[in-house]
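Written out below as structure tokens is the structure these notes cover.
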Amino acid sequence: MEAIGIIGGMGPGATLDLFQKIIALTPAQQDQDHLHLIIDNFPQIPDRTSYIVGGGENPLPYLLMSAKRLEQSGVKALCMPCNTAHYFVEAIRDKIAIPFISIIESTVEKIKSDYPDARKIGLMATRGTYEARIYHDVLSAAGLEILPLSEAFKDQIMEVIYTVKAGQLTEKLELFNQCIDLMKDAGADVLIAGCTEIPLLLPHIDSPVPFVDPTLALAENIVNFIKGEQDIYSDLSQLPVTAPT
């Protein structure tokens, strides 16, 4: 069976969440039926948002280190459960010779499949994801619109995300629910849990607006890729994602 390489550690809980979702989605009757995954849990990768908004260390050399380590292990495709890190996806692709399964494209396809009438999207993500427009162009190409957000709202979502990263899973649930209500009032048809920490909160809330979980969408496409049902996202030159030179 072919192996998938996972550039992990951004954060470790999000990496574990992807692993668990892959296991849950795999139609296995015994251990040997599960997918061959090689996870490089590398939490020393510098903070992606800090770099994108200015002042932080460049994560790209670390991401490339992980990507090459996995490629040399013999995996047939790569992925990474971090939305913000997809700012660097083209730069990674330029240095590898295997497909890269994108969490961004996986999410957009999930919205188009499960919510075909959706037009207005509420994106809950890091400032790095907002500033780099990691979702904006791909959603726009699919005929979808990201609702504009205030700076105060972005600060609130960042507070929620970094509280989860600190291991305090439910401490900011009230604030998170307030953010959801603001998205609902703004007319969101669908919400994207656009940081891989946010799906960890979804079992603890009852949202009036449906969420699309990018980690789950990525897990579904990883399973499909390995099972040979669809060889997807092998050519990232089609993705309008800006990467540093």
Side-chain angles (χ1 to χ4, degrees), residues 1-45 47-48 59 62-86 88-89 92 96 98-107 109-110 124-126 129 161-170 192-204 211-234:
M1 181 179 288
E2 309 286 15
I4 291 285
I6 300 175
I7 302 173
M10 302 177 285
T15 303
L16 176 60
D17 186 38
L18 176 63
F19 187 21
Q20 289 176 326
K21 285 169 178 168
I22 293 170
I23 292 171
L25 289 168
T26 302
Q29 301 299 316
Q30 56 186 345
D31 288 348
Q32 291 74 21
D33 296 333
H34 281 281
L35 305 188
H36 185 188
L37 304 171
I38 301 178
I39 301 172
D40 184 20
N41 191 58
F42 192 17
Q44 288 71 37
I45 297 170
D47 188 88
R48 285 63 60 197
Y62 297 79
L63 293 168
L64 291 175
M65 186 187 308
S66 181
K68 297 303 292 185
R69 187 158 49 221
L70 289 164
E71 185 179 31
Q72 290 165 7
S73 75
V75 300
K76 298 304 181 183
L78 292 178
C79 67
M80 55 186 175
C82 176
N83 293 267
T84 312
H86 279 67
F88 304 94
V89 73
I92 296 171
I96 60 175
I98 55 177
F100 190 108
I101 303 173
S102 163
I103 199 172
I104 309 301
E105 283 292 312
S106 298
T107 301
E109 289 300 318
K110 184 74 171 174
M124 292 189 170
T126 65
T129 295
I161 289 168
Y162 279 87
T163 300
V164 175
K165 281 184 177 291
Q168 300 166 18
L169 189 60
T170 60
I192 296 176
C195 172
T196 44
E197 266 70 38
I198 292 178
L200 304 178
L201 299 174
L202 299 186
H204 303 281
F211 265 96
V212 168
D213 175 356
T215 307
L216 179 60
L218 178 60
E220 290 173 348
N221 279 335
I222 289 169
V223 173
N224 288 337
F225 183 94
I226 288 289
K227 294 299 184 182
E229 295 175 10
Q230 50 184 353
D231 189 359
I232 52 175
Y233 313 138
S234 60

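Worth knowing before you read on, the calculation uses all heavy atoms, side chains too, and leaves out hydrogens, waters and symmetry mates. None of these values were measured; they are calculated from a predicted model.
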**Prompt:** Mind checking whether Tyr62 and Phe42 have parallel, tilted or perpendicular rings, split at 30° and 60°?
**Reply:** tilted
**Asked** Just wondering, more than 12 heavy atoms not from Phe211 lying within 6.0 Å of its CZ?
**Response** yes
**Prompt:** So do the side chains of Asn83 and Ile192 get within less than 4.5 Å of each other, counting heavy atoms only?
**Reply:** no
**Item:** salt bridge (Lys or Arg N to Asp or Glu O under 4.0 Å) pairs, two or more places apart, involving residues 3-26
**Value:** Asp17-Lys21, Lys21-Asp213
**Message:** Quick one: does any side-chain atom of Thr15 pair with a main-chain N or O of Gly9 as donor and acceptor, under 3.5 Å?
**Reply:** yes
**Message:** Using the salt bridge (Lys or Arg N to Asp or Glu O under 4.0 Å) criterion, which residues pair with Asp47? Sequence neighbours excluded.
**Reply:** none
**For Leu70 against Ile38, the heavy-atom pair lying closest together** = CD2-O, 3.4 Å
**Asked** Distance from Asn221 atom CG to Leu216 atom CG, nearest 0.5 Å?
**Response** 10.0 Å
**Message:** What I'd like to find out is whether the side chain of Ile45 reaches to under 4.5 Å of the side chain of Ile7, using heavy atoms alone.
**Reply:** yes
**Prompt:** What's the shortest heavy-atom distance between Val212 and Pro214, and which atoms?
**Reply:** O-CD, 3.2 Å
**Prompt:** salt bridge (Lys or Arg N to Asp or Glu O under 4.0 Å) with Lys110: which residues, sequence neighbours excluded?
**Reply:** Asp114, Glu220
**Asked** Which residues satisfy the side-chain hydrogen bond (donor to acceptor under 3.5 Å, both in side chains) test with Ser66, sequence neighbours excluded?
**Response** Asp40
**Asked** What distance separates Ile226 CD1 from Ile101 CD1, expressed to the nearest 0.5 Å?
**Response** 7.5 Å
**Prompt:** Mind checking what makes side-chain contact (heavy atoms from CB on, under 4.5 Å) contact with Gln29, not counting sequence neighbours?
**Reply:** Asp33
**Polar side-chain atom of His86 near backbone of Ile103 as donor-acceptor pair, under 3.5 Å** = yes
**Request:** Under the salt bridge (Lys or Arg N to Asp or Glu O under 4.0 Å) rule, collect the residues that match up with Lys68, sequence neighbours excluded.
**Result:** Glu71
**Request:** Measure across Gly11 and Glu197 and return the closest heavy-atom pair with its distance rounded to 0.1 Å.
**Result:** N-OE2, 3.3 Å
**Item:** Backbone N/O of Pro81 and side chain of Thr196: donor-acceptor pair under 3.5 Å
**Value:** yes
